Amino acid sequence: MSEDRGVVGFTENLLTILDEGRFTATYKFAVLLGLMDLCLERSTESGSAPTSVTTVQLAEKIVSLYWTHVEEFDLGDQKVVLTQNNTGQAEIVSLIRDYRSRARLGPGALLTEAKLADGEGFKALLRNVEWKLVEMPLPRLQLVGTGALPFIYQIGWDESISKREFNGPDFHNTLTFIANAGDHLVQLAGLLRPIIQARWVTLVQQFNREHLRDSHVAEFLFGVDRTATLRLLPDLRELQDNRCFYCDSRVTAHPEIDHFIPWARYPDNGIDNLVVAHDRCNGAKKAFLACSDHVRHWAEKLRRDTSDLAAIAQKKSWARHPERTLGVARGIYFNLPPDAKLWRAGRLFAHPERAVLTSAFNLAVPRS
Ligand SMILES: [Zn+2]
């Protein structure tokens, strides 16, 4: 059952488990997006996925995925916390909400601020979320009907695991990817992410249908918070000497903050992924990947500005994780087909240039 049937077989199986109705919460989608992000972030020098990840790493991703979902959703006449389960609230959502209220974190609190607010409490939150993942979705995700369909990962426990076993010395927290599943997740991330997000949105709409008439639910769950990034604009603009990252001419009116790796490809608000650009350059780039020369320029900038970026991130309590940001970039760029179209300027596109990309990533901050 677990042999590799190539990327088409992998995709078929994935679509099958997305349709499987066994889940009463949105965890399935969170786990899939979390695994995809971990594979991108931890890609090797050549852009291959890691062979395994741990439940600890996954718990951290899951908390970051749900972090903004637990905020109140504005319906105009009232505000509600969206339900992510068909009976009551999903436990992981409740755990995050409880932590946020205990740590006195107000609306819009960033994850970076949350970790600082109560380090021990945050660790406990991660541990509780990890147990929920071990207990619920991980042993069930690859079940279809009455049978098992293991094609993404193997784990050393099943649905009968107890909390005592989880806390015991014999528990191995590894998810080992089956065959090329990790690489498939990296290669297909651009396609699968919007599909998984759309399914997640649909389920949340079903769970909350008594509240939701129209919706900007998709925007609320997965959109970019542009007001939050605006607080970095003055500092990033100064750091770029008031020049547009893409065309290098001066920015006079309407500067914008662009996500270098597009948000639709991988939602990364880390400061290393943010560049200042003209509204017209940003508008032309849209959700395209930038061309190899821009990647080289970006890598040079990250190396040159590393201490300045660190200082701005600290001053603004903003997330910074250059290794992860670069890992994602490598995972995406090294898996592009040779005839991919990458945005250069205006309506100009270019194919990837492997040599330029390789030297750019060699130049960038080394992995520890
Ligand atoms: Zn420009």
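Order of appearance sets the numbers: ligands from 1, and atoms from 1 within every ligand. Being a predicted model, the structure only gives us computed values, none of them experimental.
- The backbone N or O of Gln206 lies less than 3.5 Å from a partner atom in the side chain of Arg209, making a donor-acceptor pair.
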Exercise for the section: Walk me through it: do Glu91 and Trp131 pass the test side-chain contact (heavy atoms from CB on, under 4.5 Å)? Expected result: CA-CA 11 Å; Glu91 283 186 83; Trp131 162 239; over 6 Å; no
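- In this structure, Tyr153 contributes its side chain and Leu138 its backbone to a donor-acceptor pair below 3.5 Å.
- A cation-pi arrangement, defined by a distance under 6.0 Å to the six-membered ring centre and an angle within 45 degrees of its axis, is absent between Arg280 and Tyr246.
- A donor-acceptor distance shorter than 3.5 angstrom exists from the side chain of His278 to the backbone of Arg250, with no hydrogens or angles considered.
- Protein N/O/S atoms nearer than 2.8 Å to the Zn ion (ligand 1) total 4.
- A cation-pi arrangement is present between Arg354 and Phe334 under the rule of less than 6.0 angstrom and at most 45 degrees off the ring axis.
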